[in-house]
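Input: a single structure, listed below in structure tokens.
Within every chain, numbering begins at 1; the chains are lettered A, B, ... in the order of the sequence lines, protein sequences first and strands thereafter.
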There are 2 protein chains.
Amino acid sequence: MTETSTGQGALSTEDCWDVLRHREFGRLAYVIDGAPTIVPINYVVDGARLVFRTTDGTKLHNIMADHRVAFEVDEIDDGNEIGTSVVVRGEAHLLPADEEFRIEQVGLRAWLGPDRPILVAIEPNEITGRRYRLRRPWRRMSR
Amino acid sequence: MTETSTGQGALSTEDCWDVLRHREFGRLAYVIDGAPTIVPINYVVDGARLVFRTTDGTKLHNIMADHRVAFEVDEIDDGNEIGTSVVVRGEAHLLPADEEFRIEQVGLRAWLGPDRPILVAIEPNEITGRRYRLRRPWRRMSR
């Protein structure tokens, strides 16, 4: 972090990976006909990439047409009034079939909806994170 | 909801607005040079639109170059193992100056970072939401 360890500021890449490894739910953004959309996904960190499950539906079709994606995880620590957000920008690709068995062992299951047999890997080009001291003075008002 | 009130399925538009009104933190996706990115924002619902604060920096510049945005809020109820996600797709525009005073009264403050004096409204073209029964069987394992 560029400022203090408990305050706000940019996270180092290593701190970003720590956040990514400790979360399991985020949001994937991709582009359809030039317009952005977002879907929630659960994921695992696999080495230097993220892996999630999907069906062969609209989401996958659009990602494969334009591999560029963004992915975000965040958390708000109400007690300390600290918010943390990590954004990964990169490319999404089908996981090679010969790697699927290994990911099965990681225990990645799709939380959301029906079976999602297809594994997709996000290869990061850029990882940025920030920690914010939340400016919510009303949370400190006496009740 | 199309299925049961406690199960999974698509949310009605009214249910989506209920979720949006009860949350105050989400993620904005927009497109830079054809690639998606995401930023966390806090927001308020103002009638049939969402309003957030920003600076006059990169985010605003890019949104104004291409007004199309997507916005997502979600929540996970661990007790009931239910996840809810609402996605708004629409256009973002600077709020007219003569409406700023009214929004001040709503009490919208930027939680994140320094002063963000510029108000931006997201006018939804499409609002969709889903409630998911989370498929996390390991959460029910005996400990």
Side-chain angles (χ1 to χ4, degrees), chain A residues 8-9 24-42 53 62-63 66-76 81-92 107 109-116 125-126 128-139, chain B residues 8-9 24-42 53 62-63 66-76 81-92 107 109-116 125-126 128-139:
Chain A
Q8 64 190 38
E24 47 187 351
F25 182 78
R27 300 94 198 160
L28 181 74
Y30 54 98
V31 178
I32 302 177
D33 294 336
T37 194
I38 308 182
V39 293
I41 60 173
N42 66 296
R53 288 191 173 281
N62 283 290
I63 291 171
D66 182 339
H67 296 270
R68 290 176 292 183
V69 297
F71 178 74
E72 193 259 7
V73 298
D74 55 53
E75 58 192 355
I76 289 182
E81 301 202 326
I82 298 290
T84 304
S85 171
V86 172
V87 174
V88 173
R89 300 181 71 195
E91 296 193 0
R109 297 175 61 101
W111 292 1
L112 309 179
D115 285 342
R116 293 168 184 244
N125 293 326
E126 177 188 288
T128 56
R130 287 195 70 78
R131 192 156 285 152
Y132 305 92
R133 185 171 293 283
L134 303 180
R135 300 170 67 242
R136 300 187 295 183
W138 61 95
R139 293 289 177 109
Chain B
Q8 64 190 37
E24 46 187 352
F25 182 77
R27 300 92 196 162
L28 182 74
Y30 54 98
V31 178
I32 301 177
D33 294 335
T37 194
I38 308 183
V39 293
I41 60 173
N42 67 296
R53 287 191 174 281
N62 282 290
I63 291 171
D66 182 339
H67 296 270
R68 290 176 292 183
V69 297
F71 177 75
E72 194 259 7
V73 297
D74 55 53
E75 57 192 355
I76 289 183
E81 300 203 328
I82 298 290
T84 305
S85 171
V86 171
V87 174
V88 173
R89 300 182 70 196
E91 297 194 357
R109 297 174 62 99
W111 293 2
L112 309 178
D115 285 341
R116 293 171 183 241
N125 293 325
E126 176 188 287
T128 57
R130 289 195 69 78
R131 191 156 288 153
Y132 306 91
R133 184 170 295 283
L134 303 179
R135 299 171 66 243
R136 300 188 295 184
W138 61 93
R139 294 290 177 108

Region of Thr37(B) that comes under 4.5 Å of a non-hydrogen atom in chain A: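 Thr37(B) touches chain A through backbone and side-chain heavy atoms alike.
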Side chain, backbone, both or neither of Arg27(B) within contact of chain A (heavy atoms, under 4.5 Å):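 It is both, since atoms from each part get that close.
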Heavy-atom side-chain contact between Arg133(B) and Ile82(B) under 4.5 Å: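 Yes; the side chains approach each other to less than 4.5 Å.
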4.5 Å side-chain heavy-atom contact, Thr84(B) and Glu75(B): yes
Which of Ala70(B), Gly34(B), Pro36(B), Ala35(B) touches chain A most, by non-hydrogen pairs under 4.5 Å: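 Result: the option with the highest number of such pairs is Pro36(B).
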Distance, nearest 0.5 Å, that separates CD of Glu72(A) from CG of Leu28(A):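 One gets 11.5 Å once the value is rounded to the nearest 0.5 Å.
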Donor-acceptor pair between Ser85(B) and Arg130(B) side chains, under 3.5 angstrom: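 Not at all, the side chains of Ser85(B) and Arg130(B) share no donor-acceptor pair under 3.5 Å.
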